[in-house]
Amino acid sequence: MIDPDTKAGWVPEADEVDEEEEMPLSLRLSIADTLTLGNATCGFMAVYFTTTGILIPHLTGSQETGMARHSAATAVILMLCAAVFDLFDGLVARKLRSSPMGAELDNLSDLISFGLAPAYFVLVYGMVANDAHQRVAAVGAIVVLLAVVLRLARFSCVTVKDGTFQGMPSPFGALTVVAIVLLELPFEATLLAIVGTAWLMVSRVEYPKPRGWLAVAMLIWIVLSMGLLAAWAFGAPGGQLLLQTGCALQLVTGAVIPLFATARRVNNFRDNRREARAAQLP
């Protein structure tokens, strides 16, 4: 438009203000991003309950084992809730839209909930358990944390075939680490199992992505695990046995999947060799 007095072009001030105040697309949170932030919140609160309910009472000489049990159960339930948020933010992002910073938010939240929280759980276990060695447990905690860091970094820059993860997914790995601690095995066995889980997270073993019926099965397993933790925390009859059974199943599942994946890879290799030999025959 032309100003009749100055004969110069001008733009309405309201339009200029609207353009300046309009939020960039990269800063707008989607529904999936909100779920991702719920994941990060659960991870942080898991660290909080591990500190206030387990570590501080131990350092102050409190003899309330019930409080430590409730806090441990709450911390693990929060990690399970973080896994639920992590499961649904991906599903929502595929169904609806995701913001440009969704992938970065997901990695940062996973680092808190499935890297820092379980590593800190292992560290505190090394400080409060009777047969544990604090410095060795600290090394195990660092191994878990670095495994998740490396896994998330590799996930961001390595492309794998659709429908699979390369290495144990960090939520599954975190829950396996926590299950190993809750099993109350001898310290040496606990540490070896934790290091083995960390190795699986950075390995090249293929794990299926939780989609379709597998996602439903994972959700059912998480809800069942929450029930087992609640029964154990409130001293229900057989709660200890139920919890140990659930933890053992988690550990067995984490060990069996790599075996099936390895067997499938070996069979595929043999089939390819047979096909190559058959093609060479006259």
Side-chain angles (χ1 to χ4, degrees), residues 42-43 45-58 62-87 113-114 117-132 137 140-141 144 168-198 200-201 210 216-257:
C42 288
M45 293 305 296
V47 173
Y48 169 79
F49 278 100
T50 303
T51 303
T52 58
I54 303 176
L55 180 59
I56 292 179
H58 172 74
S62 175
Q63 300 298 323
E64 283 192 44
T65 57
M67 178 181 178
R69 179 179 294 184
H70 292 168
S71 298
T74 302
V76 180
I77 287 175
L78 284 166
M79 292 185 215
L80 288 166
C81 290
V84 173
F85 279 118
D86 185 63
L87 175 65
S113 298
F114 311 124
Y120 187 70
F121 199 81
V122 172
L123 180 65
V124 173
Y125 154 75
M127 299 177 69
V128 303
N130 293 328
D131 64 336
V144 171
M168 180 183 286
S170 52
F172 193 81
L175 297 178
T176 303
V177 167
V178 171
I180 293 168
V181 174
L182 293 178
L183 272 175
E184 298 182 357
L185 300 171
F187 176 74
E188 291 78 8
T190 299
L191 187 66
L192 287 175
I194 288 173
V195 172
T197 303
L200 284 174
M201 283 193 279
V216 175
M218 180 179 175
L219 185 60
I220 294 173
W221 173 250
I222 288 175
V223 173
L224 180 61
S225 299
M226 289 181 180
L228 294 177
L229 285 163
W232 171 68
F234 290 101
Q240 180 73 24
L241 179 60
L242 287 173
L243 178 69
Q244 291 182 344
T245 302
C247 292
L249 286 175
Q250 175 76 26
L251 186 58
V252 169
T253 303
V256 166
I257 292 177

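As the structure is a computational prediction, the values presented were derived from the model and not from experiment.
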>> Within this structure, what is the OG-CG distance for the pair Ser225 and Leu242, rounded to the nearest 0.5 Å?
In response: 11.5 Å

> Taking all atoms of both residues into account, what is the closest heavy-atom pair of Phe172 and Gly254, and its distance?
Replying inline: CE2-CA, 3.5 Å

>> Show the nearest heavy-atom pair for residues Pro118 and Ser113, with the distance to one decimal.
In response: CD-O, 3.3 Å

>> Show the nearest heavy-atom pair for residues Thr176 and Leu251, with the distance to one decimal.
In response: CG2-CD1, 4.1 Å

> Under the side-chain contact (heavy atoms from CB on, under 4.5 Å) criterion, do Phe121 and Val181 qualify, and how do the steps go?
Replying inline: CA-CA 8 Å; Phe121 199 81; Val181 174; 3.7 Å; yes

> When you look at Phe49 and His70, which way does the ring pair (Phe, Tyr, Trp, His ring centres under 6.0 Å) test go after all the steps?
Replying inline: CA-CA 9 Å; Phe49 278 100; His70 292 168; over 10 Å; no

>> Which residue is it: Val76, Leu80, Thr74? I am looking for the one with a side chain to side chain contact (heavy atoms under 4.5 Å, CB included) to Leu78.
In response: Thr74

> Taking all atoms of both residues into account, what is the closest heavy-atom pair of Trp232 and Arg69, and its distance?
Replying inline: O-CD, 3.0 Å

> At their closest point, which heavy atom of Thr50 faces which heavy atom of Ala75, and how far apart are they?
Replying inline: OG1-CB, 3.4 Å

> Roughly how far, to the nearest 0.5 Å, is the CG atom of Leu228 from the CG atom of Leu241?
Replying inline: 10.0 Å

>> Under the criterion side-chain contact (heavy atoms from CB on, under 4.5 Å), I'd like the reasoning laid out for Tyr120 against Thr51: C-alpha separation, chi angles, the key distance, then a yes or no.
In response: CA-CA 9 Å; Tyr120 187 70; Thr51 303; 2.7 Å; yes

> Can you tell me how far OH of Tyr125 sits from CD of Glu184, rounded to the nearest 0.5 angstrom?
Replying inline: 8.5 Å

> Which distance, rounded to the nearest 0.5 Å, do you find between the CZ of Phe114 and the SG of Cys42?
Replying inline: 8.5 Å

> For the residue pair Ala141 and Ala119, what are the closest heavy atoms and their distance?
Replying inline: CB-O, 3.1 Å

> Could you state the interatomic distance from SG (Cys81) to CE (Met226), rounded to the nearest 0.5 Å?
Replying inline: 3.5 Å

Only distances under 3.5 Å count here; give the side-chain donor-acceptor pairs of residues 185-192 to other protein atoms, sequence neighbours excluded, each with its distance to 0.1 Å.
unit_1, atom_1, unit_2, atom_2, d
Thr190, OG1, Leu185, O, 3.3
Thr190, OG1, Pro186, O, 3.1

>> Distance check, rounded to the nearest 0.5 Å: Leu55 atom CG versus Met127 atom CE?
In response: 5.0 Å

> Does the pair Met79 and Met45 meet the rule for a side-chain contact (heavy atoms from CB on, under 4.5 Å), with working shown?
Replying inline: CA-CA 9 Å; Met79 292 185 215; Met45 293 305 296; over 6 Å; no

>> Working note: Leu229 + Leu182, criterion side-chain contact (heavy atoms from CB on, under 4.5 Å); need CA distance, chi angles, decisive distance, verdict.
In response: CA-CA 10 Å; Leu229 285 163; Leu182 293 178; 4.0 Å; yes

